[in-house]
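Right, one structure below, let's go through it.
Just so you know, these numbers come straight off a predicted model, no measurement behind them.
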Amino acid sequence: MSELAFSIDQKIVYPSQGVGRIVEVFDRPFNDQTTQYYKIYIDVSDMIVMVPVDNAAELGIRPIVGADEALAALDLLGEAIEPITSDWKLRYQQNLDLLKKGTIADIASIVRSLYHRSKVKELPILERKLYDSARKLLIDEIASATGKSEKEVESMIHAKLEPLGAISVKKTMLDPNDEDDDDEFSDEFSASNDDDEDDSDDDSVDDDDE
């Protein structure tokens with residue numbers, strides 16, 4: 001059997017799903033072999049997911065960070081941003097890769113860049129969804145790490161993104177040929193993202209099926 005990286009009742013981050021808790025470790029026979037699984041409860045979706053123990057690290061599953069690291073990620077939101085490409089497809093793929101990597105600093109970086117981008121021009125549909133997912137994940141992890149409520153963390157995040165007296169990001173920082181049109185590529189990226197989720201080799205069931 002594989003060495004367990006997580007224990008029962010431990011809080012974890014599953015970047016593509018959200019903050020969760022290990023509720024059980026169990027064995028499942030398949031083709032004359034036995035595979036160990038983590039059963040993880042994901043609070044934001046009220047779902048149970050089953051992930052093979054051997055695949056957990058590959059999927060980016062990691063422990064909740066400590067309070068100091070959570071607050072450092074919060075501070076990162078207030079740092080200056082570099083010019084952002086106007087090619088939404090490239091931007092989306094770069095941020096999607098960061099989300100899959102899943103460190104709290106990566107998640108904060110996604111929130112910061114897409115928030116400021118949205119102040120310049122409305123985000124395409126897929127980017128709005130990615131921003132919402134990253135923001136929710138960041139709120140949940142900081143709240144879990146610091147013991148603060150989600151509303152408190154939301155206020156802290158907003159204060160970092162929009163400090164008093166802050167100057168908005170200027171459009172001149174961006175490509176002058178600034179166009180975001182996701183109609184042609186939304187289906188392509190959605191299908192690609194679905195394929196990535198299928199590769200995770202985890203089973204998801206509603207809590208009612210437990």
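Taking CD1 of Ile142 as the reference point, atom CD of Glu69 lies at 10.5 Å (rounded to 0.5 Å). Distance OH/Tyr92 to CG/Leu123: 12.0 Å, rounded to 0.5 Å. Atom OG of residue Ser16 and atom CG of residue Leu59 lie 7.0 Å apart, to the nearest 0.5 angstrom. The distance from atom CD of Gln17 to atom CG of Leu137, rounded to the nearest 0.5 Å, is 10.5 Å.
Counting only heavy atoms from C-beta outward, the side chains of Arg135 and Tyr115 never approach each other to under 4.5 Å. The closest side-chain heavy-atom distance from Val19 to Ile12 is not below 4.5 Å. At a threshold of 4.5 Å between non-hydrogen side-chain atoms, the residues Val23 and Ile48 count as touching. For the pair Gln36/Arg28, no side-chain contact is recorded, criterion being any heavy-atom separation below 4.5 Å from C-beta on. Residues Trp88 and Leu126 have side chains in contact (heavy-atom distance under 4.5 Å, counting atoms from C-beta outward). Side-chain contact check for Val25 versus Lys39: every heavy-atom pair is 4.5 Å or farther apart.
Remark: Glu150 pairs with Lys136, Ile139, Asp140, Ala143 by the side-chain contact (heavy atoms from CB on, under 4.5 Å) rule, at least two apart or across chains. Residues that satisfy the side-chain contact (heavy atoms from CB on, under 4.5 Å) test with Glu79, not counting sequence neighbours, are Leu76, Arg112. Taking the ring-ring contact (aromatic ring centres under 6.0 Å, His included) definition, one finds that Phe6 meets it with Tyr38, sequence neighbours left out.
For the residue pair Asp106/Thr103, the side-chain donor-acceptor check at 3.5 Å is satisfied.
Using a cutoff of 4.0 Å between basic side-chain nitrogens and carboxylate oxygens, Arg62 and Glu141 are scored as salt-bridged. Classification of Glu127 and Lys89 as a salt-bridged pair fails, no side-chain N sitting under 4.0 Å from a carboxylate O.
Ring planes of Tyr37 and Phe26: parallel class, angle under 30° (limits at 30 and 60°).
For Ser113 against Ile110, the heavy-atom pair with the smallest separation is OG-O, 3.2 Å.
Counting only distance, with no hydrogens or angles, the side chain of Ser109 and the backbone of Ala105 share no donor-acceptor pair below 3.5 Å.
In this structure, Asp68 places its CG atom where only 12 or fewer heavy-atom neighbours from other residues, nucleotides or ligands lie under 6.0 Å away.
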